[in-house]
Student: 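The following block contains the structure, expressed as structure tokens.
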Amino acid sequence: MITPQIPKNEKKRLEAVKSYSLLDTLPEEDFDNITKLTSSICQTPIALITLLDTKRNFLKSHYGLDFNQSPREISFCGHAIVSKEPIFIIEDATKDNQFCDNPLISEFNVSFYAGVPLINPDGYALGTLCIYDTVPRQLTQQQKDTLIILAKQVVNLFELRLKNNLLSNAFDLLEERHNSLNSFAGKVSHDLKSPLANITSLSQLFKDELKENYPELDLQYLDYIEESADTLRAYIDGILTHYKAEALLQDKKKKTELATIFNNIKHILSLTDQQFILQKNTILEEINASAITQIILNLVDNAFKYNTKKEAYVSINYSTSKTHHIFSVTDNGTGIETQKQDQLFDLFNTAHEADKYGNKGTGIGLYTVKTLVEKLGGEVKISSTSGLGTTFTFSVLK
């Protein structure tokens, strides 16, 4: 018996084998279907998908055998992966000097072997798709061609497995980073908001004391300190809200009445029937109610913050298409200038210097709206007329 040669690129070949995470895994139907089909086409009692590890031949699929590994030093596949032929065939192992005293012949009565190396896209022979028989025989050209084609399909399955693993690992890493960032945002929000509140309080106390004792002093710089603290606090609140809103995308779709979403927002913002109007109630089939609530809440809250009219109001309407739910939020505010509309949903971009309470906007709210809408398979648009009001229309996939 001649022991199989070790490939010249063995170190990198083994790294490639292990990268697919297939060693010591349980049987899988996709691979077992191929070995069963191979056995049927080639009319052999045994068909295997093998991976050559350092000292063993791991059988990822083993049709006709009840074990899943064997020593590499006696494997026929060890010879097949170093062969320069597309298919390595031993028609009668009992008469071949390389194999005549191989234990596989005496223990399992092996006479015939044919194996196609499983060559990955980088050129490494990972193992084989192979067949065994207990009698000497030959393969037809059609059987040879089929065996080579099926081996390519095995490699395709390997590649698909590798890509799935990479995607899964990438997803896990992104989820871990997202959770860490979300936790960080929450901690930063908590740890920063307290000193910011102290800055504002101390500034106000300092102003009151100075006004009483030194009424002639200009306290404008203290006003700037308060404004800066309030702006920073608004940014912190906006960022935290954004990350919390992203988590809503994980909620399952369910059947929801639009009036329920409307009433929840009405309660959160403490609005009256004259201020907040539902144009049309309907049953929303299979929708992420939490995300829709957050989207509409952001739009409605913005609409009131930037509406200086005495009788400000916002209305919600609904329509549908074959593929999307369509919502519109309309206000009777001052409108948004046309040249500012294109960048309105950009992060940190705002259409107005300040809201009606004098607070500067952050642009995070509308950016969050756009992010949620797009991840729900829709888009958001704006239509605005100066002095008359604004309508935001957004869609989400059914």
Student: So, does Ser39 use its side chain to make a donor-acceptor pair with the main chain of Lys36 at under 3.5 Å?
Tutor: no
Student: Any pair with a residue in residues 105-117 that passes side chain to side chain donor-acceptor pair (under 3.5 Å), sequence neighbours left out, goes on the list, sorted by first then second residue, please.
Tutor: none
Student: Linking directly or through intermediates, with side-chain heavy atoms under 4.5 Å: list the remaining ILVMFWY members grouped with Ile149, chain and number order.
Tutor: none
Student: For the residue pair Pro71 and Ile74, establish whether any side-chain heavy-atom pair is separated by less than 4.5 Å.
Tutor: yes
Student: Just to verify, which of Leu376, Ile292, Ile261 counts as forming a side-chain contact (heavy atoms from CB on, under 4.5 Å) with Ile287?
Tutor: Ile292
Student: Suppose the criterion is ring pair (Phe, Tyr, Trp, His ring centres under 6.0 Å): which pairs have a residue in residues 56-75, not counting sequence neighbours?
Tutor: Phe67-Phe108
Student: Can you measure from OG1 (Thr256) to CD (Glu286) and round to the nearest 0.5 angstrom?
Tutor: 9.0 Å
Student: Short question: side chain of Ser40, backbone of Leu37 - any donor-acceptor pair under 3.5 Å?
Tutor: no
Student: Could you note down all residue pairs passing salt bridge (Lys or Arg N to Asp or Glu O under 4.0 Å) where residues 302-312 supplies at least one of them, sequence neighbours left out?
Tutor: Asp301-Lys305
Student: Could you point out which residue of Asn302, Asp331, Asn332 forms a side chain to side chain donor-acceptor pair (under 3.5 Å) with Asn307?
Tutor: Asn332
Student: Indicate, with yes or no, if Ile277 and Val300 share a hydrophobic cluster defined by side-chain heavy-atom contacts under 4.5 Å among Ile, Leu, Val, Met, Phe, Trp and Tyr.
Tutor: no
Student: Please give me the minimum heavy-atom distance between Thr94 and Val110, naming the atom from each residue.
Tutor: CG2-O, 4.4 Å
Student: Is there a donor-acceptor pair under 3.5 Å between the side chain of Glu374 and the backbone N or O of Thr371?
Tutor: no
Student: Output side-chain donor-acceptor pairs under 3.5 Å for residues 384-398, partner residues at least two apart or in another chain, one line each.
Tutor:
{"from": "Ser384", "atom 1": "OG", "to": "Ile336", "atom 2": "N", "distance (Å)": "2.7"}
{"from": "Ser384", "atom 1": "OG", "to": "Gly389", "atom 2": "O", "distance (Å)": "3.3"}
{"from": "Ser384", "atom 1": "OG", "to": "Thr390", "atom 2": "OG1", "distance (Å)": "2.8"}
{"from": "Thr391", "atom 1": "OG1", "to": "Thr330", "atom 2": "OG1", "distance (Å)": "2.9"}
{"from": "Ser395", "atom 1": "OG", "to": "Glu379", "atom 2": "N", "distance (Å)": "3.2"}
{"from": "Lys398", "atom 1": "NZ", "to": "Thr320", "atom 2": "OG1", "distance (Å)": "2.7"}
{"from": "Lys398", "atom 1": "NZ", "to": "Ser321", "atom 2": "O", "distance (Å)": "2.6"}

Student: Compare all side-chain heavy atoms of Leu118 with those of Phe158 and state whether any distance is below 4.5 angstrom.
Tutor: yes
Student: Would you please test Phe327 and Ile295 for side chain to side chain contact (heavy atoms under 4.5 Å, CB included) and show each step?
Tutor: CA-CA 10 Å; Phe327 302 86; Ile295 293 168; over 6 Å; no
Student: Going by the rule side-chain contact (heavy atoms from CB on, under 4.5 Å), which residues pair with Gln141 if we only count those two or more places apart in sequence or in a different chain?
Tutor: Lys144, Asp145
Student: With rounding to the nearest 0.5 angstrom, report the CZ to CD1 distance, Phe262 to Ile316.
Tutor: 6.0 Å
Student: Checking side chain to side chain donor-acceptor pair (under 3.5 Å) between Tyr20 and each of Thr25, Asn165, Asn120, which is the one that passes?
Tutor: Asn120
Student: Let me confirm one number: the CG-OG distance from Leu166 to Ser21, rounded to the nearest 0.5 Å.
Tutor: 8.5 Å
Student: May I ask you to check whether Asn317 and Ser328 show a side-chain donor-acceptor distance below 3.5 Å?
Tutor: no
Student: CG of Asp96 to SG of Cys100: how many Å apart, nearest 0.5 Å?
Tutor: 7.5 Å
Student: Donor-acceptor check, side chain of Thr38 to backbone of Ile34, threshold 3.5 angstrom: yes or no?
Tutor: yes
Student: Please give the remaining members of the hydrophobic cluster of Leu26, linking ILVMFWY side chains under 4.5 Å, ordered by chain and number.
Tutor: none
Student: Using side chain to side chain contact (heavy atoms under 4.5 Å, CB included), reason through Gln294 and Leu372 one step at a time and then give a plain yes or no.
Tutor: CA-CA 9 Å; Gln294 184 65 54; Leu372 289 176; 4.0 Å; yes
Student: Can you list the residues that meet the salt bridge (Lys or Arg N to Asp or Glu O under 4.0 Å) rule with Asp66, with sequence neighbours excluded?
Tutor: none
Student: Does the pair Lys55/Glu73 count as a salt bridge with the N-to-O cut at 4.0 Å?
Tutor: no
Student: What I want to find out is whether Glu28 reaches Lys60 closely enough, with some N-O distance under 4.0 Å, to be called a salt bridge.
Tutor: yes
Student: For a 4.5 angstrom cut-off between non-hydrogen side-chain atoms, does Leu23 reach Val17?
Tutor: yes
Student: Which distance, rounded to the nearest 0.5 Å, do you find between the CG of Leu344 and the CG of Leu366?
Tutor: 5.0 Å
Student: For a quick test of your reading: what N or O donor-acceptor pairs under 3.5 Å do the side chains of residues 76-88 make, sequence neighbours left out?
Tutor:
{"from": "His79", "atom 1": "NE2", "to": "Ile2", "atom 2": "O", "distance (Å)": "3.0"}
{"from": "Ser83", "atom 1": "OG", "to": "Glu85", "atom 2": "N", "distance (Å)": "3.1"}

Student: Just wondering, do Ile283 and Lys255 contact through their side chains at under 4.5 Å, heavy atoms?
Tutor: yes
Student: List in chain and number order the residues that pass salt bridge (Lys or Arg N to Asp or Glu O under 4.0 Å) with Glu91, two or more places apart in sequence or in another chain; answer none if no residue qualifies.
Tutor: none
Student: Sort and list the pairs that fulfil salt bridge (Lys or Arg N to Asp or Glu O under 4.0 Å) and have at least one residue in residues 3-12, not counting sequence neighbours.
Tutor: Glu10-Arg13, Glu10-Arg72
Student: Side-chain polar contacts of residues 41-54 - donor-acceptor pairs under 3.5 angstrom, sequence neighbours left out - could you list them?
Tutor:
{"from": "Thr44", "atom 1": "OG1", "to": "Ile46", "atom 2": "O", "distance (Å)": "3.3"}
{"from": "Thr50", "atom 1": "OG1", "to": "Thr128", "atom 2": "N", "distance (Å)": "3.0"}
{"from": "Thr50", "atom 1": "OG1", "to": "Thr128", "atom 2": "OG1", "distance (Å)": "2.9"}
{"from": "Asp53", "atom 1": "OD2", "to": "Arg56", "atom 2": "NE", "distance (Å)": "3.1"}
{"from": "Asp53", "atom 1": "OD2", "to": "Arg56", "atom 2": "NH2", "distance (Å)": "3.3"}

